[in-house]
Amino acid sequence: MKKYLAEMIGTFVLVLMGCGSAIFAGIGLGTTGYGVTTLGVAMAFGLSVVAMAYTIGNISGCHINPAITLGVWSSGRMSGREAGGYMLFQCIGAIIASAVLYILVHTGNEAGIEAVFNSTTTTGSNSFLPGNIVPAFLAELIFTFIFVLVVLGSTDEKKGAGNFAGLAIGLTLVLVHIACIPITGTSVNPARSIGPAIFAAIEGNCVPLSQLWLFIVAPFIGAMLSAFVWKGLRSDN
C-alpha cells in the first residue's frame with residue numbers, strides 16, 4: 001500500500017506543479033509566454049519528476065505515469081496486478097491535483113478570476129487543433145517512446161545510471177516538453193491528461209475530454225514499443 005500511496009502523492013505533485021505553472025504562467029498578457037514561458041513550464045514538469053524521484057524512488061520507483069508503469073510491466077519488472085494498482089493511484093493523484101487547481105482558479109476576487117480566464121488555459125488540459133490528429137498522435141507516441149526508453153535504460157539494474165537516474169529522467173521530460181508543448185501541450189502521461197480533462201469538462205470545455213483517448217492510446221503504444229526496444233538493446237545475445 002505504501003507504494004500505491006507514494007505513486008498517488010508523486011503524481012499529485014507532478015500535475016499540481018506542472019499544470020499549475022501552465023495555468024498561471026499566462027496571467028497578465030493572455031499568453032503562456034508572459035510568466036515562466038514554455039521553457040518554464042517544461043522545467044516545472046521536469047523538476048517535479050526529479051524532486052519526486054529522490055523522494056519516493058526508493059519506495060515505489062517513482063513511475064508517477066501510467067505509460068512508465070506499462071513500460072516497466074512490459075519489460076517484465078513488475079506484475080500485472082501491481083501495475084494496475086500503480087495506474088489507479090496515479091490517476092487518483094492527478095484528479096486530486098486538478099481539483100486543487102480548479103479551486104485555486106475559481107476562488108478569490110472577481111478580478112483575479114477574470115485574469116486566470118484570460119490566460120491560455122485554466123486546467124492545464126491537453127488538446128490538439130482540428131485536423132492535427134496525425135501529428136498529435138505521432139508526437140505523443142514518439143516522445144513517450146523516447147521518455148520511457150530513458151526511464152527503462154537509466155533505471156536498469158545492470159546497465160542503469162544508478163543515483164543519477166532521477167536527474168536523467170527529469171531532464172529528458174524537460175526536453176520532451178520543449179519540443180511537444182506547441183503540438184499537444186505535452187502529455188506523454190495518461191494520468192496527467194485525465195485529471196485536467198475532467199475539470200475542463202466541468203468548466204464547459206468538453207474538447208479535452210473528447211480527445212482524451214489519444215493521450216491514453218498513443219503514450220501506451222509508445223511505452224510498449226520502448227519496452228520491446230530496450231529488451232533488445234540490453235540483451236547479450
Side-chain angles (χ1 to χ4, degrees), residues 11 14-15 18-19 21-22 25 31-33 37-46 48-49 63-75 83 87 90-91 94 98 120-121 123-155 168-198 200-201 205-234:
T11 311
L14 174 69
V15 174
C19 293
S21 67
T31 65
T32 307
T37 73
T38 297
L39 179 59
V41 174
M43 291 291 291
F45 276 100
S48 296
V49 169
H63 296 185
I64 60 177
N65 181 339
I68 291 177
T69 298
L70 182 63
V72 172
W73 172 78
S74 299
S75 63
M87 292 181 185
Q90 288 158 359
C91 290
S98 295
T120 303
T121 178
T123 63
S125 57
N126 297 112
S127 62
F128 53 89
L129 295 174
N132 280 4
I133 185 172
V134 173
F137 193 93
L138 288 176
E140 288 295 324
L141 189 157
I142 293 170
F143 286 119
T144 304
F145 168 81
I146 295 170
F147 181 48
V148 177
L149 187 64
V150 171
V151 172
L152 295 177
S154 61
T155 59
I169 295 168
L171 291 177
T172 301
L173 189 59
V174 173
L175 292 174
V176 166
H177 274 77
I178 291 173
C180 195
I181 281 178
I183 306 173
T184 63
T186 308
S187 173
V188 302
N189 183 340
R192 171 259 181 274
S193 295
I194 290 171
I198 292 173
N205 178 13
C206 293
V207 172
L209 197 60
S210 67
Q211 297 178 347
L212 183 60
W213 66 270
L214 184 145
F215 298 102
I216 297 175
V217 175
F220 274 175
I221 294 175
M224 288 188 290
L225 287 174
S226 67
F228 176 77
V229 170
W230 177 247
K231 287 172 72 175
L233 291 176
R234 79 181 301 274

Original post:
Which pair of heavy atoms, one from C180 and one from E140, lies closest together, and at what distance?
Top reply: SG-OE2, 3.8 Å
Original post:
When rounded to the nearest 0.5 angstrom, what distance separates OG1 in T144 from CE in M224?
Top reply: 11.5 Å
Original post:
Taking everything shown except W73 itself, do over 12 heavy atoms lie less than 6.0 Å from its CH2?
Top reply: no
**OP:** Working to the nearest 0.5 Å, report the span between CG of L214 and CG of N126.
**Re:** 9.5 Å
Original post:
Run the side-chain contact (heavy atoms from CB on, under 4.5 Å) check on F147 and N189 step by step: do they pass?
Top reply: CA-CA 10 Å; F147 181 48; N189 183 340; over 6 Å; no
Subject >> Aromatic ring pairing H177/F45, orientation class (parallel under 30°, perpendicular over 60°, tilted between) >> reply: parallel
Original post:
What closest approach, in Å, do A94 and A191 show between heavy atoms, and which atom pair accounts for it?
Top reply: CB-O, 3.1 Å
Original post:
Which atoms form the tightest heavy-atom contact between C19 and T123, and what is the distance?
Top reply: CB-O, 4.1 Å
Original post:
Using a distance-only test with no angle check, is there a side-chain donor-acceptor pair under 3.5 angstrom linking T69 and H63?
Top reply: yes
Original post:
To the nearest 0.5 Å, how far apart are CZ in F228 and CZ in F145?
Top reply: 10.5 Å
**OP:** Count the heavy atoms belonging to other residues, nucleotides or ligands that lie under 6.0 Å from CE of M43, then report whether that count exceeds 12.
**Re:** no
Original post:
Roughly how far, to the nearest 0.5 Å, is the CD1 atom of I216 from the CD1 atom of I221?
Top reply: 12.0 Å
**OP:** Output, in order, the C-alpha distance, side-chain angles, deciding distance and verdict of side-chain contact (heavy atoms from CB on, under 4.5 Å) for L70 and M87.
**Re:** CA-CA 9 Å; L70 182 63; M87 292 181 185; 3.8 Å; yes
**OP:** Please name the residue in the list V188, V148, V49 that meets the side-chain contact (heavy atoms from CB on, under 4.5 Å) test with I68.
**Re:** V148
Original post:
Can you tell me how far the CG atom of L209 sits from the CD1 atom of I198, to the nearest 0.5 Å?
Top reply: 7.0 Å
Subject >> 4.5 Å side-chain heavy-atom contact, F143 and P219 >> reply: no
Subject >> Where A44 and S48 come nearest, the two heavy atoms and their spacing >> reply: O-OG, 2.6 Å
Original post:
For the residue pair S75 and L152, what are the closest heavy atoms and their distance?
Top reply: OG-CD2, 4.0 Å
Subject >> From F137 atom CZ to F215 atom CZ, the distance as rounded to the nearest 0.5 Å >> reply: 11.0 Å
Original post:
If you look at every heavy atom in G124 and T121, which pair is closest and at what distance?
Top reply: N-OG1, 2.8 Å
**OP:** Check step by step if side-chain contact (heavy atoms from CB on, under 4.5 Å) holds for N65 and T11.
**Re:** CA-CA 7 Å; N65 181 339; T11 311; over 6 Å; no
**OP:** Mind running side-chain contact (heavy atoms from CB on, under 4.5 Å) on T38 and I178 for me, showing each step along the way?
**Re:** CA-CA 7 Å; T38 297; I178 291 173; 5.6 Å; no
Original post:
Is it true that a side-chain atom of S125 and a backbone atom of A197 form a donor plus acceptor pair closer than 3.5 Å?
Top reply: no
